[in-house]
There are 2 protein chains.
Amino acid sequence: MNALTIQEAAQTTDWSPRMLRYIERAGLIEPQRSAAGYRLYGPAELQRLRTLRELVTRFDIGLGEIGFVQRLRGDEELAGAIDAWLQAQPRRPEHVPAAEWLRFEQDKHSKLLALAGAAATTNA
Amino acid sequence: MNALTIQEAAQTTDWSPRMLRYIERAGLIEPQRSAAGYRLYGPAELQRLRTLRELVTRFDIGLGEIGFVQRLRGDEELAGAIDAWLQAQPRRPEHVPAAEWLRFEQDKHSKLLALAGAAATTNA
DNA sequence: AGAACCTTACCACGGCGATGTCAAGGTTCG
DNA sequence: CGAACCTTGACATCGCCGTGGTAAGGTTCT
């Protein structure tokens with residue numbers, strides 16, 4: 001009844017059958033299987049697939065990223081280690097105006113890094 | 001002053017100068033700059049570089065992954081969206097012999113939930 | 001001045017992610 | 001039975017990641 005085969009599911013979620021299998025392989029959405037091994041996508045899976053698409057396109061992230069976060073939720077040690085590492089971040093030298101730093105942090109194509117450093121140490 | 005140039009820093013942290021620049025590009029460790037634009041690695045950065053190496057090799061993750069987690073910490077919306085998505089987890093087979101679909105051995109690292117104690121927000 | 005080091009920019013190569021397509025073989029259903 | 005669909009597996013392309021190297025041009029220090 002409301003369990004679609006891979007092709008049907010693909011059509012209603014705007015993914016390709018290929019990608020549905022890929023997504024499953026990535027451990028993100030694993031549909032049930034029929035006795036013969038056919039993937040069966042229920043309403044929940046379909047909804048999840050659509051949301052996944054939204055997530056990926058809206059934030060421009062890859063399936064790998066999501067899978068990684070998933071991994072983090074199961075590996076307390078990993079999560080802790082990374083978190084600890086990121087924690088030791090605020091290594092901003094006191095004599096440097098934070099404003100300058102924050103400024104170029106959002107500028108991916110900054111080509112004036114040297115300038116910022118110079119301006120910070122002297123009024124050059 | 002205890003601030004090393006990129007080459008010196010590379011030697012004491014077992015990275016290559018090339019990678020130090022790459023790491024900076026990835027937004028993970030941004031050393032100060034001298035007035036002329038030279039990168040200056042202080043004790044803190046050196047330590048962080050060593051820890052980073054440890055982190056990466058020990059958990060076999062990429063700089064991108066760490067960078068992503070870093071991004072998550074600054075983008076509440078993204079973090080929330082992914083978390084919400086992961087929360088709406090798996091529908092365990094209700095009356096389907098798991099053996100059936102289990103026989104197609106998936107990957108070796110399929111680690112589905114274990115927690116997910118929260119009720120799905122999606123229509124159940 | 002000159003050697004040694006730094007900077008950015010660009011080319012290169014192998015690997016992996018994201019996708020497509022095709023092949024060989026099983027399943028469904030009219 | 002046969003068409004249509006499914007499954008896994010393998011090959012192929014494209015772009016990004018991790019790295020290295022090199023070129024052209026400043027900086028430092030002796």
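Labels below follow one simple rule: chain letters A, B, ... track the order of the sequence lines, proteins then strands, and each chain is numbered from 1.
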d([atom1], [X]; [atom2], [N]) in whole Å:
X: Phe68(A); N: dG17(C); atom1: CZ; atom2: C1'; answer: 16 Å
X: Glu8(B); N: dC5(C); atom1: CD; atom2: P; answer: 9 Å
X: Ile6(A); N: dT28(C); atom1: CD1; atom2: C1'; answer: 16 Å
X: Ile23(A); N: dA18(C); atom1: CD1; atom2: P; answer: 10 Å
X: Trp15(A); N: dT19(C); atom1: CH2; atom2: C1'; answer: 11 Å
X: Arg25(A); N: dG17(C); atom1: CZ; atom2: C1'; answer: 12 Å
X: Glu30(A); N: dT8(D); atom1: CD; atom2: C1'; answer: 16 Å
X: Leu20(A); N: dT21(C); atom1: CG; atom2: C1'; answer: 17 Å

Consider the side chain of [X], meaning its heavy atoms from C-beta on, and name the nucleotide among [options] that approaches it most closely.
X: Tyr22(A); options: dT19(C), dC17(D), dC6(D); answer: dT19(C)
X: Gln7(B); options: dT7(C), dT19(C), dC6(C); answer: dC6(C)
X: Met19(B); options: dG20(D), dT7(C), dT7(D); answer: dG20(D)

Taking only residues two or more places apart in sequence, or in another chain, which ones meet [X] in a side-chain contact (heavy atoms from CB on, under 4.5 Å)?
X: Arg53(B); result: Asp14(B), Trp15(B), Thr57(B)
X: Pro43(A); result: Asn2(A)
X: Phe68(B); result: Ile61(A), Glu65(A), Val69(A), Arg71(B), Leu72(B), Leu78(B), Ile82(B)
X: Glu54(A); result: Arg58(A)

N or O in side chain of Thr5(B) less than 4.0 angstrom from dC6(C) OP1/OP2: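 Yes, because at least one side-chain N or O of Thr5(B) sits under 4.0 Å from OP1 or OP2 of dC6(C).
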Phosphate contact (dT8(C) OP1 or OP2) by Arg39(B) side-chain N/O below 4.0 Å: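 Checking Arg39(B) against dT8(C): at least one side-chain N or O falls below 4.0 Å of OP1 or OP2.
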Salt-bridge criterion met for Glu8(A) and Arg39(A) (N-O under 4.0 Å):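 Answer for the salt bridge query: no.
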Partners meeting side-chain hydrogen bond (donor to acceptor under 3.5 Å, both in side chains) with Ser16(B) (sequence neighbours left out):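 Partners of Ser16(B) under the side-chain hydrogen bond (donor to acceptor under 3.5 Å, both in side chains) test: none.
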Per-nucleotide protein contact string for nucleotides 21-30 of chain D (B base, S sugar-phosphate only, - none; heavy atom under 4.0 Å): B----BBS--
Under the salt bridge (charged side-chain N to carboxylate O under 4.0 Å, His left out) test, residues paired with Asp75(A) that sit two or more places apart: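 So Asp75(A) forms no salt bridge (charged side-chain N to carboxylate O under 4.0 Å, His left out) with any residue.
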Contacts of Arg73(B) that satisfy salt bridge (charged side-chain N to carboxylate O under 4.0 Å, His left out) - sequence neighbours left out: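 Counting only residues at least two positions away or on another chain, Arg73(B) forms a salt bridge (charged side-chain N to carboxylate O under 4.0 Å, His left out) with Asp83(A).
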Glu24(B) and Arg33(B): CA distance, side-chain angles, deciding distance, salt bridge (charged side-chain N to carboxylate O under 4.0 Å, His left out) verdict: CA-CA 12 Å; Glu24(B) 178 177 1; Arg33(B) 297 297 191 115; 3.2 Å; yes
Sorted by number, the residues of residues 55-67 of chain A with heavy-atom contact under 4.0 Å to DNA chain C: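 Close to the strand are Gly62(A), Leu63(A), Gly64(A).
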